[in-house]
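See structure below.
Fair warning: this is a prediction, and the values are worked out from it, not measured in the lab.
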Amino acid sequence: VNDTNPRSLIVRLCDVLSSLRIHGVVFEDDARSEAVAQILDFISAQTSEKGSTFLQLGSSTEQQLQVIFEVLEEYDWTAFAVVTTLFPGYEDFVGYVELLTDSSFIGWEHRGVLTLNLTDDPEGTRLRRQLREVSAQIRLLYCSREEAEAVFRAAREAGLAGPGYVWFVVGTNLGGSDQLPE
């Protein structure tokens, strides 16, 4: 499938999955499109059956959050805030954070959710102000790689990226680049 159009990709995958006895799906995304990873993550979540084995070479958002919460627990960092953009899947991300905190015996202090709209703030003025309003020093960020660069640039400018602040960035397509953001 050489088309990263979401509709074409979903239709093609559904056709293949419904017409053949499939034991696995392996994919490589040469376009490095975040949409492809999001679509495949969604399809895998919707098609999993009891007794099936799912081998995922990239960790899902839920798996990343489980590891992050283990780190938070280990360091006794129980107060945190969630920061997201409107990146696809952000509502599921927030829901999974709430599920993890509500079903835990740990006394998590969830200090709220800040959902950022980066499209109509080219100078980042509102973004810096919104980030300063977050009261937690531990922040769980869900966004795309490009959005993460904008958020961290604003956080640096607002003095929120140095000692005393811990950011965990969660997403399905954040790595794999030769150039690392500051």
Side-chain angles (χ1 to χ4, degrees), residues 4 6 29 31-39 41-42 45 58-182:
T4 57
D29 180 16
R32 296 192 185 279
S33 170
E34 292 174 357
V36 173
Q38 290 285 327
I39 290 167
D41 189 39
F42 172 77
S59 61
S60 69
T61 300
E62 290 84 1
Q63 291 166 331
Q64 292 176 45
L65 277 172
Q66 288 172 349
V67 170
I68 288 169
F69 272 86
E70 288 178 20
V71 171
L72 294 175
E73 181 182 352
E74 180 69 26
Y75 285 94
D76 199 26
W77 292 335
T78 56
F80 66 91
V82 171
V83 179
T84 74
T85 63
L86 298 173
F87 187 64
Y90 78 95
E91 292 165 326
D92 293 331
F93 173 77
V94 170
Y96 197 71
V97 168
E98 291 171 357
L99 177 70
L100 283 172
T101 56
D102 292 347
S103 64
S104 174
F105 64 90
I106 306 294
W108 298 111
E109 187 181 335
H110 188 316
R111 295 195 180 168
V113 177
L114 171 62
T115 303
L116 305 168
N117 183 350
L118 304 180
T119 58
D120 57 353
D121 188 24
E123 300 298 318
T125 307
R126 186 180 64 231
L127 175 58
R128 287 188 297 276
R129 180 183 48 75
Q130 289 176 308
L131 290 174
R132 280 189 208 103
E133 292 173 358
V134 175
S135 64
Q137 292 178 300
I138 309 297
R139 297 158 187 234
L140 310 180
L141 174 63
Y142 179 82
C143 61
S144 71
R145 181 181 179 85
E146 292 78 21
E147 291 170 330
E149 291 177 17
V151 169
F152 281 120
R153 183 174 36 259
R156 271 193 316 278
E157 292 169 1
L160 304 170
Y165 293 94
V166 178
W167 291 79
F168 291 93
V169 185
V170 180
T172 55
N173 195 15
L174 292 168
S177 174
D178 294 335
Q179 179 183 1
L180 296 174
E182 286 185 43

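Atom-to-atom distance recorded for Ile106:CD1 and Leu100:CG is 11.5 Å, nearest 0.5 angstrom. Rounding to the nearest 0.5 Å places CG of Asn117 at 3.5 Å from OG1 of Thr119. Taking CG of Leu86 as the reference point, atom OG1 of Thr115 lies at 7.0 Å (rounded to 0.5 Å). Atoms CG and CG, on Leu140 and Leu72 in that order, are 6.0 Å from each other to the nearest 0.5 Å. Distance CG/Asp92 to CG/Leu99: 11.5 Å, rounded to 0.5 Å. Interatomic distance, CG of Leu131 versus CD of Glu157, reported as 10.5 Å (0.5 Å rounding).
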* To do: Start with the C-alpha distance between Trp77 and Val166, add both sets of side-chain angles, then the distance that settles side chain to side chain contact (heavy atoms under 4.5 Å, CB included), and finish with yes or no.
  => CA-CA 10 Å; Trp77 292 335; Val166 178; 4.0 Å; yes
* CA sep, side-chain torsions, deciding dist, call: Val94, Tyr142, side chain to side chain contact (heavy atoms under 4.5 Å, CB included) -> CA-CA 9 Å; Val94 170; Tyr142 179 82; over 6 Å; no
* Begin with the C-alpha distance, continue with both residues' side-chain angles, and end with the deciding distance and a verdict on side chain to side chain contact (heavy atoms under 4.5 Å, CB included) for Thr84 and Leu114. => CA-CA 6 Å; Thr84 74; Leu114 171 62; over 6 Å; no
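Within the 3.5 Å criterion, the main-chain N or O of Glu146 finds no donor-acceptor partner in the side chain of Glu149. No donor-acceptor pair under 3.5 Å is formed between the side chain of Arg111 and the backbone N or O of Gln137. Using a distance-only test at 3.5 Å, with no hydrogens or angles considered, no donor-acceptor pair links the side chain of Arg132 to the main chain of Leu127. Counting only distance, with no hydrogens or angles, the side chain of Ser104 and the backbone of Thr101 share no donor-acceptor pair below 3.5 Å.
In this structure, the side chains of Leu65 and Val170 come closer than 4.5 Å at one or more pairs of heavy atoms. A heavy-atom distance below 4.5 Å is found between the side chains of Val82 and Phe93.
Looking only at atom types and distance, the side chain of Glu147 has a donor-acceptor partner in the side chain of Thr85 under 3.5 Å away. In this model, a donor atom of one side chain and an acceptor atom of the other lie less than 3.5 Å apart for Gln66 and Tyr96.
Smallest separation of non-hydrogen atoms from Ala154 and Arg128: O-CG, 3.5 Å. Of all heavy-atom pairs between Ala150 and Leu118, the closest is CB-CD1, 4.4 Å. Nearest approach of Arg139 to Leu160, heavy atoms of both residues: NH1-CD1, 4.0 Å.
Applying the 6.0 Å contact sphere to CD of Glu133 captures more than 12 heavy atoms from other residues, nucleotides or ligands.
Between Phe80 and His110, the ring planes lie tilted relative to each other; the angle falls in the 30° to 60° range. Between Trp108 and Phe69, the ring planes are perpendicular. Angles over 60° get that label, and only those under 30° would be called parallel.
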